[in-house]
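The chains referred to below are lettered A, B, ... by the order of the sequence lines, with proteins before strands, and numbering in each begins at 1.
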2 protein chains.
Amino acid sequence: MIVHIDGGDERGGSGGAEATRRRPTIKDVAATAGVSRGTVSRYLNGGKWVSPDARDSVERAIRRTGYRTNQHARSLVTGRANALAFLLAEPQDRLFVDPTYAPLLRGAAEALAGHQMTLNLLVAGSPEERLNAVTYMSGGHVDGAMLISSHENDPLVDLLLEHEIPVVSCGLPLGRTDRVASVSVDEVGGAREMVAHLRSRGCRRIAMITGPEDQPGGRYRLQGYRDELGADFDQVLVASGDWSYESGTVAMTELLGRVGDIDAVFAASDAMAAGAIAALRRAGRRIPEDVAVGGFDDSALATSLDPTLTTMHQPFDQISAQMVALLLDIIAGGAIRSVTMPATLVVRGSS
Amino acid sequence: MIVHIDGGDERGGSGGAEATRRRPTIKDVAATAGVSRGTVSRYLNGGKWVSPDARDSVERAIRRTGYRTNQHARSLVTGRANALAFLLAEPQDRLFVDPTYAPLLRGAAEALAGHQMTLNLLVAGSPEERLNAVTYMSGGHVDGAMLISSHENDPLVDLLLEHEIPVVSCGLPLGRTDRVASVSVDEVGGAREMVAHLRSRGCRRIAMITGPEDQPGGRYRLQGYRDELGADFDQVLVASGDWSYESGTVAMTELLGRVGDIDAVFAASDAMAAGAIAALRRAGRRIPEDVAVGGFDDSALATSLDPTLTTMHQPFDQISAQMVALLLDIIAGGAIRSVTMPATLVVRGSS
DNA sequence: AACAGGACTGTGCACGTTCACAGTTTGGGT
DNA sequence: ACCCAAACTGTGAACGTGCACAGTCCTGTT
């Protein structure tokens, strides 16, 4: 390791110069604007009950002094943090393997920017991290939490409820549907639509690669597949994965070894669909001529595959916007609500 | 969209019951412990100059009251936020495509947990986001920033310096090496080592797929490649990518079309190496018999490829730990320093 | 016995903001 | 001419913590 030092510090004023310019406070603004603290405060919080004249001079004073409100002081008195947590309940090694987190994160940050709020990313995979995260959140750092990847009976949900932290879940929180708000895509309906689409293409032996049973996407997409197939459902056509590319490859290989006449496969994620495509290629099957492939998510992968992937589009931007809206409403005292949004079929080259 | 409402609010106490239990403050702890606020405060901040007796009763009182320190009040008086920013300077569409961010993020969070500090993730891709992020940071929310993906002449660096926000960059910040601290891997040396390795395998026509020229990893890995090859360097053997799998495929296809006798390729990222492998396969080349492949990063991809990927291991956990250490030192008044760490060759099936 | 100094403890103030409340002005209706 | 509400403004508390300072006690030395 090479350590290499550049320059020193620029501290210590020369003589009596009042070098350390204190950060301007609301008092300074009030003084230079010729009004009182109260008026400035009112201006900062919406401008209700402040005359046009006062408004102008306050604005000028803020510009002149370079004032910026001290969030800590504000939070101390209001009790609000003006921040929400983006809470990832994923074990360490899985962090960000799911390509769906990025658009969710981005959408939430964008939606929040309009409300003068910010996003704090918290990772709570291990029990220790869970505790840290809850301590942090209940410490007043955050007004509420967006729970991103919840598993069935996740102790995190109980901890959040126990500490009375407003929370909205992405996807139905299995087992606790009634106590926490949620925004979810219509998993069952989406899966049914994909299966119906594959059937309309003439496929008759449609396999499925599922996600983990303890997550809503894993459970309900399988349910939709089963519902739509009805009497045609056959357990031998189902293999399970963990959302990842690799697990898609493994599951597809397993399916091909088990069943000879598969003519379509519906994977519960685009990544698994990509893995399945790789396995199908290796087995010499043509896509979509021999086997049609359908995914779920409409992630960036879908268009960069060869062939491009038919998949169910999840409206991530709307989902995150809804999560923010719901959470802010709950924080403001609103009721716990749940919102379901439709997934829409996007037909591409793989079917 | 289906909206569906469950239950109402549980507000409004029944009669005169003092229902809204105020959060316990340091004063309550002091009262139940039978000591003064000062003693409790001293206990909380290291326990220096507090007697064993007092220590015990404070500890008991904290447990009994369920006290948790109010970070906002603390920050207001100390001026410190006890949080660092993880600042991603990536345009929206590229967010988290780079698999190297996750281990960095995780490592930083872990290193920080030991210091009772937390991480705030900020995304600053667009000019608007840059401004928001800087406003947030200079608002006192954060004590310093870890700049993750810096590009040459990124205006973000100037903004940070201008607002006197302590910053440490991951990778040498092109153009401003002297003014901001940084932790970087020895890009040039690492690239040379990989090229030397490929040569030691008997390869003579070693191609390279580079990253963007405006990022240190893009620039210096190419320089190492060029340095090591010396007189054997040939511009026709160089194609450029953008770190992504797809760009690796495209670059490799381009190289194969341009040069016939390539017997090795060094990709500046594992993802591009994976893309290159796909392209080589498609062209009927065997790996490593016909063409050896080397990557850079040693990301999770490397071991899940077929064949497994020879690559340069980046010590992400050490890098993030160093970034945290350097940043905390700067915040404490230390000098601006830069640290370089070695990348180590990991030989696997692709060479 | 007086004293010095270390170990510990308590108190008042400051941090920068919001909020409730009490004023002051204005304008319109009686 | 009077009054009342609406529109605006200023002031004195808090909010919960850390820190400087002034104490008090105890132990060992002169």
Side-chain angles (χ1 to χ4, degrees), chain A residues 20-59 61-62 65-83 116 135-136 138-141 143 332, chain B residues 20-59 61-62 65-83 116-117 135 138-141 143 332:
Chain A
T20 63
R21 254 199 314 262
R22 196 173 42 84
R23 244 184 94 155
T25 77
I26 206 175
K27 220 166 169 175
D28 301 321
V29 175
T32 64
V35 297
S36 73
R37 283 163 25 234
T39 304
V40 179
S41 177
R42 274 187 291 270
Y43 167 80
L44 292 171
N45 302 341
K48 195 77 182 174
W49 278 330
V50 28
S51 68
D53 278 5
R55 201 174 59 84
D56 288 351
S57 39
V58 168
E59 276 172 355
I62 287 180
T65 55
Y67 169 79
R68 221 157 346 212
T69 108
N70 182 323
Q71 283 295 341
H72 299 301
R74 171 177 284 175
S75 292
L76 177 58
V77 51
T78 60
R80 259 163 281 138
N82 294 323
Q116 308 273 51
T135 303
Y136 179 74
S138 69
H141 272 285
D143 299 318
Chain B
T20 63
R21 257 200 312 264
R22 195 173 43 84
R23 247 186 90 157
T25 77
I26 206 175
K27 220 167 172 177
D28 300 320
V29 175
T32 66
V35 298
S36 74
R37 285 167 21 237
T39 304
V40 179
S41 177
R42 275 186 292 270
Y43 167 80
L44 293 171
N45 301 340
K48 194 77 183 173
W49 277 331
V50 28
S51 68
D53 279 3
R55 201 173 60 84
D56 287 352
S57 41
V58 168
E59 275 172 355
I62 287 179
T65 54
Y67 169 78
R68 224 156 347 213
T69 106
N70 182 322
Q71 283 295 340
H72 298 302
R74 172 177 283 176
S75 291
L76 176 58
V77 51
T78 60
R80 259 163 281 140
N82 294 321
Q116 308 274 50
M117 293 185 116
T135 303
S138 69
H141 272 285
D143 299 318

ask   = Would you call A/Val35 and A/Val58 a side-chain contact if the rule is heavy atoms closer than 4.5 Å?
value = yes
query = Do A/Leu44 and A/Arg74 come close enough that some side-chain heavy atom pair is under 4.5 Å?
reply = yes
Between [atom2] of [N] and [atom1] of [X], the distance in whole Å:
X: B/Arg80; N: C/dC15; atom1: CZ; atom2: C1'; answer: 13 Å
X: B/Ile62; N: D/dG16; atom1: CD1; atom2: P; answer: 16 Å
X: B/Arg74; N: C/dT17; atom1: CZ; atom2: C1'; answer: 20 Å
X: A/Lys27; N: D/dG12; atom1: NZ; atom2: P; answer: 11 Å
X: B/Ile26; N: D/dG16; atom1: CD1; atom2: P; answer: 11 Å
X: B/Asn82; N: D/dG18; atom1: CG; atom2: C1'; answer: 12 Å
X: A/Arg23; N: C/dT17; atom1: CZ; atom2: C1'; answer: 12 Å
X: A/Leu76; N: C/dT18; atom1: CG; atom2: C1'; answer: 10 Å

Can you measure from [atom1] ([X]) to [atom2] ([Y]) and round to the nearest 0.5 angstrom?
X: B/Ser51; Y: B/Asp56; atom1: OG; atom2: CG; value: 8.5 Å
X: B/Thr25; Y: B/Arg23; atom1: OG1; atom2: CZ; value: 10.0 Å
X: B/Tyr67; Y: B/Ile26; atom1: OH; atom2: CD1; value: 4.5 Å
X: B/Arg55; Y: B/Arg42; atom1: CZ; atom2: CZ; value: 15.0 Å

key: Touch class at under 4.0 angstrom, heavy-atom based, for A/Thr69 against every strand present   = sugar-phosphate
key: Donor-acceptor side-chain pairing of A/Tyr136 and B/Gln71 below 3.5 angstrom   = no
Partners passing salt bridge (charged side-chain N to carboxylate O under 4.0 Å, His left out) against B/Arg68 (at least two apart in sequence or in another chain) = none
message = By the definition side chain to side chain contact (heavy atoms under 4.5 Å, CB included), identify the one residue from B/Thr32, B/Thr65, B/Ile62 that meets it with B/Pro24.
response = B/Thr65
message = Angle between the end axes of the helix from C/dA1-D/dT30 to C/dT30-D/dA1, five pairs per end, to the nearest 10 degrees?
response = 60°
request  = Could you check which residues of residues 32-56 of chain B get a heavy atom under 4.0 Å from DNA chain D? Sort them by number, please.
outcome  = B/Arg37, B/Ser41, B/Asn45
